[in-house]
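Below: the structure, in structure tokens.
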Amino acid sequence: MSKTPVYLVDDDEAVRDALSLLLGTYGYAVSSFADPTSLLAASETLRPGCLLVDLRMPAVSGLQLLERLGERGIDWPFIVITGHGDIHACRRAFKAGAVDFLTKPIDEQVLVEAVQAALARLDTQQEDAEARQLLAMLTDREREVLEMVSRGWATKQIAEALAISPRTIDTHRAHIAEKLGTSSVAEFVRIVAAAAGR
Amino acid sequence: MAAWLLGLAAFALVSVWLSITDAQRQLEARGAEMQRTIAQATAQHDAHLTSLATLALAGDTPPIGLFTQLAGSIIRFYPRITSIALLADGSGAPLAISGEALTARLLQQIESTAPSLPRGTSTMLAGPPGTGSYLLLKRTSDEAGRFLIALTIDASRLWDDADLPAGLSLQLALGEAFLVDDRAPSAGLGEVSLAESWQIPSTSQPLSLHLQQRLTALQALPFGLFLAFAVATLLLANGVYLLLQQRRATAQAHARQRAQEHQLRLEHAARVNSMGELASGIAHELTQPLTALLSQSQAGLRLAGHNPPDAAALAGVLEANVRQARRAADILGRLRAYVSKSPTTPQPTDLNRVAAEVAGLLEADLRDKTITLAILPSEAAAIVLADPIELEQVLHNLVRNAADAIEASGRGDNVSISVVTEAGQVRVEVSDNGPGVPVDVLPHLFEPFYSTKPAGMGLGLPLCQTLVERFGGSIEAANTPEGGARFVVTLPLNRGGTHR
């Protein structure tokens, strides 16, 4: 699987080139866009990635871009960059859910750390989404059993709590393991926690 | 105006109502008085009849001489009794008569009434219409009831009518028949009519008295008072109106003046602050090439660290850096052109006044920071040939720098501007008791983009220098012996001109 993309949106070509080059030396796959509109136009075909967005751009601002992406169900992690480090803009960016807020000129170390954090957040988001998808395949009774198993209950205890035979519980566990692709209790716990966003 | 009219109407209504109730009260008092007077008269008539009847029966035949004598004296004493007659029952001619003669018509009335009149009683007959008189007839109380005594009474003299007021009309009636009726034609437009009736408490003369008081609008309304009230209230209302209008006009003028002054102050401040605006705009423009330069260079360093270094990639980085450095230089070039080519209007300007203006602009700001600003003006006028706004920009900048240094270091609390004229020059010193300028910074103070402030652009002092030099002046910086900073602006004194 190829690298998770970083989408850079800035109206200044020199800035786009410089940041792409710098992030490229760290091995990130950067796709840059001159304006929010071209990113929006391509958004259907883009793989999930993190966004590096200039706050102040003509026509559509950085925060407006994020809003519109949200309307299309895209909630990738984003980093806001700006030439004006004013507190008001900073607060608005964090309120909108920004991973970080960077002022130009951007220091290399700060930039790389922010991108790392954003990509880590994307991973977590994706794991959570997968976990939710897995859980959606289970029946109500199977989810009930899984919940108890991940709390560390033994088959006998679960059978007593649900007033059914331990054999039936075992059957449920077999189905759960088949659907989740694992029979490890530790994995069960992780999937349940991720699905709940914990 | 409407309120005034309404007030007048209310006043008129109240006045009319008061007049009417007053008239009503007077009418009632007058009616009661007349009722008492008339009742007294009717009782006297009964008494006369009794004594005349007693006299008539005094002998076998009536003593005609005595009767006539008594009747005469009664008529003299009571002029309303116009005649007294003694008649034998059933006979046509009177046995005795005093006063006016009885008309044939009256005698006829007596004859037709007499048979139904029991002995010892009296009755009343209305006189011929238009005469206003009535006849009081009594049959003597002897067994046969042989005699009749008749009193003719002028009903209109039953009361003393000398003081009947204007508009009062009176009717005196016996049942349906009016004995006295001086009613005027019915009430006209704008007239009010009050009416009351009284019964006279007399069995022999059951008269009824009606009084009508007519009030014209003029009477109901105390016209003089009304007019006085109207004029007084009009004058008062007019006075109040004028007063209010004057106050409103004054308030409006004040508001306008305040708004104008505020606007002027704002425009003035905007012009003085234009240097800050410029710096902020330049900062924004320079950010982009600086961002590109920094990131390109950092990428270049990483590329150079590869083994073997990617020479083609490095060349690309350096080319990009050259482009961005030129871009930044262009921006600075535009800034210099802006400063040197911007229009300036040198005019004779009093630096004392410039200092005062700057103090006004910064007053609130400095007060918030608990920094005092002292102005020490020169004794003589300190006139230089310069653009007053640009000089304000210079002093504004110097005072702001001093305040920023005091605020950042926490040392000092005072900035002063002193203006001194000497040897054909004006010296303006802006000094503070703050931390002073570090010795290593002093030589670089007027270099563009050299700043020790975290958010500083390093443009304020170079711009000050450019502006001052434009007017043939100079600016110097030093530290005071006490440790604060002192900036000295020197400009040539303008001898010929007058200040603005």
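From a predicted model like this one, the values you see are computed outputs, not experimental measurements. Scope of the values below: all heavy atoms of this structure, side chains included, with no hydrogens, waters or symmetry mates. First the proteins, then the strands, lettered A, B, ... as listed; each starts at 1.
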Distance-only criterion, 3.5 Å: show the donor-acceptor pairs between side-chain atoms of residues 67-76 of chain A and protein atoms not counting sequence neighbours.
unit_1	atom_1	unit_2	atom_2	d
A:Arg72	NH1	A:Leu40	O	3.1
A:Arg72	NH1	A:Ser43	OG	3.4

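- The distance from the CG atom of A:Leu22 to the CG atom of B:Leu303 is 9.0 Å, given to the nearest 0.5 Å.
- Environment of CD in A:Gln157: crowded, with over 12 heavy atoms of neighbouring residues, nucleotides or ligands closer than 6.0 Å.
- Residue contact with chain A, scored on non-hydrogen atoms closer than 4.5 Å, involves the backbone and the side chain of B:Gln288 alike.
- Only the side chain of B:Arg327 comes within less than 4.5 Å of a heavy atom of chain A; its backbone N, CA, C and O stay farther away.
- Here OG1 of A:Thr25 is found 11.5 Å from CG of B:Asp310. Values are rounded to the nearest 0.5 Å.
- Heavy atoms of B:Leu290 lying under 4.5 Å from chain A belong to its backbone as well as its side chain.
- Atom CG of A:Leu111 is separated from atom CD of B:Gln298 by 8.5 Å, given to the nearest 0.5 angstrom.
- Across every non-hydrogen atom of B:Thr291 and A:Ile106, the tightest pair is CG2-N, 4.3 Å.
- Residues A:Ala18 and B:Ala292 come closest through the heavy atom pair CB-O, 3.4 Å.
- Proximity to chain B (any heavy atom under 4.5 Å) is shown, for A:Asp17, by both the backbone and the side chain.
- Heavy-atom neighbours of B:Arg326 CZ from other residues, nucleotides or ligands within 6.0 Å: at or below the threshold of 12.
- Between B:Leu294 atom CG and A:Lys104 atom NZ the span is 12.0 Å, to the nearest 0.5 Å.
- Other residues, nucleotides and ligands contribute at most 12 non-hydrogen atoms within 6.0 Å of the CZ atom of A:Arg92.
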